[in-house]
Structures are given as structure tokens and as C-alpha cells.
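Order of listing sets the numbers, starting from 1, for every ligand and every atom in it. Every heavy atom of this structure was used, including side-chain atoms; hydrogens, water molecules and symmetry mates were not.
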Amino acid sequence: MDSFEFNKIAGAVLATALVVFGLNELSGLIYHSETPEKPGFLIEVAEATETPGEAPAEATPAVSIGTLLASADAAKGLGAAKACLACHDFKKGGPNKTGPNLWDIVGRGIASHEGFSYSDGFKARAAEKWTYENMDAFLKNPKAAVKGTKMAFAGVKKDQVRADLIAYLASLSDAPKPLPAP
Ligand code: HEC
């Protein structure tokens, strides 16, 4: 191998190395990866803004829950129910978590799930059952509906989203309760 040949090879190797390094630098410039400020993802549980003891402001005239449920979609409600999963298990025979298990909740006695320690606000209503109506009021604004509840959840304000969610909750039963009249 004469020195000219050697130079050619060495030159080629050097050029390749430069290109590789160059690309690396360049892609670093183009695809700059941001490190997120907080690792993982946030589960936002918004707090109710109403002052305790004050009646919540009614923004729109209420449409009856029967009317809303008539066009509700339980499959869509599953989406809204994801917000509950942080604290509630939905399965038959499932455990209590931060909140009680919610299988067959429509028609069930309020504050009646075995093994769950309810707040005094809930215990005071233990003689009642969960209906579509009181469930609607509770999920719209938990803290206003049951004074002193320890359910730290602001509520689902959009009527149709809430109706979809209630339709989903009602489907969690071996014998779903009939919908109220529109
Ligand atoms: C941050 C936790 C948390 C989230 C999120 C949450 N809950 Fe709750 N929930 C609770 C707790 C705690 C209780 C018990 C309340 C008490 O004793 O005051 C409860 C009680 C309930 C009850 C009454 C159960 C019974 O046995 O009487 C229902 C119904 C309910 N939640 C529905 C929901 C739905 C539907 C969602 C989602 C839209 C939701 N919760 C989101 C914590 C939560």
C-alpha cells in the first residue's frame, strides 16, 4: 500500500467520523428533548370554589335528569368515570379505596357499603337510598349536596357529561334500575 492509498483510506475514515458526529450534533439541535418539570402526569382534582354554606349559583335553568338520561350514553360516561377511579373501585365485590366501592350504587342505601368509614354528613343520610335524582345533585356539587362530605371532588358541572356518567354508574349492576321519566 503506497502512502497515497493510505491517505485516501485515512481521509475516508475521518470524513465518515465527521459526518457521524455532525449528524449527531445536528439532530441534537433539531430534536431537542424537553425534560418535563414534573415527572409522570398530574391527576387534577379540582376543588369546589363555592363558599361553604352558600347556595351554589345556578347558571342555566335545570333540565330534568330524566330528560338528560333519556339521551345519555353509558359508554361516554366511562370516560368521565376515569376521574373517579383514583378513589373508587367499580367492580362487583371490589375493595373500598379512599372512597367506597361503587358497584350497584344506584338504588343502594346511602353510606351503606360494608367496611367503609363514612363522614358524619353521609351517616346522617343513611336512611335514604341513592336515586338518579339525588345522585345527580351529589355529583354536580358533592360538598353542597352532602354537608361535611370527605369526598374531595369538585363535581361534574356539565349536565350531559354528568348524565352520561350516571348512565354508566347505573349500568354497574346485575339488575340496572329503570330510568326516571323524562
Ligand atoms: C379524591 C377521592 C374521590 C374522588 C376523585 C371521587 N370520590 Fe366519590 N367518594 C370519596 C369518598 C372519600 C367518599 C365517602 C364520602 C363521605 O363519607 O363523606 C365518596 C363517596 C361517594 C359516593 C357515595 C357512596 C355511598 O356508599 O353512599 C358516591 C356515589 C361517589 N362517591 C361517587 C363518585 C363518582 C361518580 C366520582 C367520579 C366522578 C367520585 N365519587 C370521585 C372519594 C372520592
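- In terms of N/O distances under 3.5 Å, ligand 1 is approached by Arg108.
- At a heavy-atom cutoff of 4.0 Å, ligand 1 is contacted by the side chain of Phe122 but not by its backbone.
- The backbone N or O of Ala154 lies less than 3.5 Å from a partner atom in the side chain of Lys157, making a donor-acceptor pair.
- Here Glu133 contributes atom CD and Ile166 contributes atom CD1; the two are 9.5 Å apart, rounded to the nearest 0.5 Å.
- Proximity of a side-chain donor or acceptor of Arg162 to a complementary backbone N or O of Ala137 within less than 3.5 Å is not detected.
- Atoms OH and OG, from Tyr132 and Ser64 in turn, are 13.5 Å apart once rounded to the nearest 0.5 Å.
- Interface of Thr149 with ligand 1, defined as ligand atoms under 4.0 Å from a residue heavy atom, comprises 15 (C), 16 (C), 18 (O).
- Which parts of ligand 1 touch Ala152 is read off a 4.0 Å heavy-atom cut-off, strictly below it: atoms 1 (C).
- Listed by number with element, the atoms of ligand 1 under 4.0 Å from a non-hydrogen atom of Phe138 are 21 (C), 22 (C), 28 (C), 30 (C), 31 (N).
- Side-chain N or O atoms of Lys177 include one that pairs as donor or acceptor with a backbone N or O of Ala175 at under 3.5 Å.
- Using a 4.0 Å cut-off between heavy atoms, Leu139 contacts ligand 1 through its side chain alone, with no backbone atom that close.
- Of the candidates Arg162, Met151, Met135, the one placing a heavy atom closest to atom 10 (C) of ligand 1 is Met151.
- Around the NZ atom of Lys123, the shell of radius 6.0 Å holds more than 12 heavy atoms that belong to other residues, nucleotides or ligands.
- Here is the list of ligand 1 atoms found below 4.0 Å of a heavy atom in Phe116: 14 (C).
- Within the structure, the ring pair (Phe, Tyr, Trp, His ring centres under 6.0 Å) test picks out the following pairs touching residues 107-129 (sequence neighbours left out): Phe116-Tyr118, Tyr118-Phe122, Phe122-Phe138.
- Taken to the nearest 0.5 Å, the CD1 atom of Ile105 stands 6.5 Å off from the CH2 atom of Trp130.
- Where the criterion is an N or O separation shorter than 3.5 Å, residue side chain and backbone included, Ala111 meets it with respect to ligand 1.
- Between the side chains of Asn101 and Asn96, no donor-acceptor pair is found at a separation under 3.5 Å.
- Among the atoms of His88, an N, O or S atom falls under 2.8 Å of atom 8 (Fe) of ligand 1.
- Of the candidates Gly109, Cys84, Ala126, it is Cys84 that places a heavy atom closest to atom 36 (C) of ligand 1.
- Interface atoms of ligand 1 facing Ala83, defined by a heavy-atom separation under 4.0 Å, are 5 (C).
- Of all atoms in ligand 1, numbered sequentially from 1 with element shown, those under 4.0 Å from a heavy atom of Leu165 are 38 (C).
- Looking at Ser117 next to ligand 1, no N or O pair under 3.5 Å apart turns up.
- The atoms of ligand 1 that sit less than 4.0 Å from any heavy atom of Cys87 are 1 (C), 2 (C), 3 (C), 4 (C), 5 (C), 42 (C), 43 (C).
- Contact annotation: Ala86 has no heavy atom less than 4.0 Å from any atom of ligand 1.
- With values rounded to the nearest 0.5 angstrom, Met135 atom CE is found 8.5 Å from Leu165 atom CG.
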Give the table of side-chain donor-acceptor pairs shorter than 3.5 Å for residues 68-77, with sequence neighbours excluded, one pair per line with atom names and distance.
unit_1, atom_1, unit_2, atom_2, d
Ser71, OG, Leu68, O, 3.4
Asp73, OD1, Ala75, N, 2.9
Asp73, OD1, Lys76, N, 3.4

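- Atoms of ligand 1 lying under 4.0 Å from at least one heavy atom of Ser119, given by number and element, are 16 (C), 17 (O), 18 (O).
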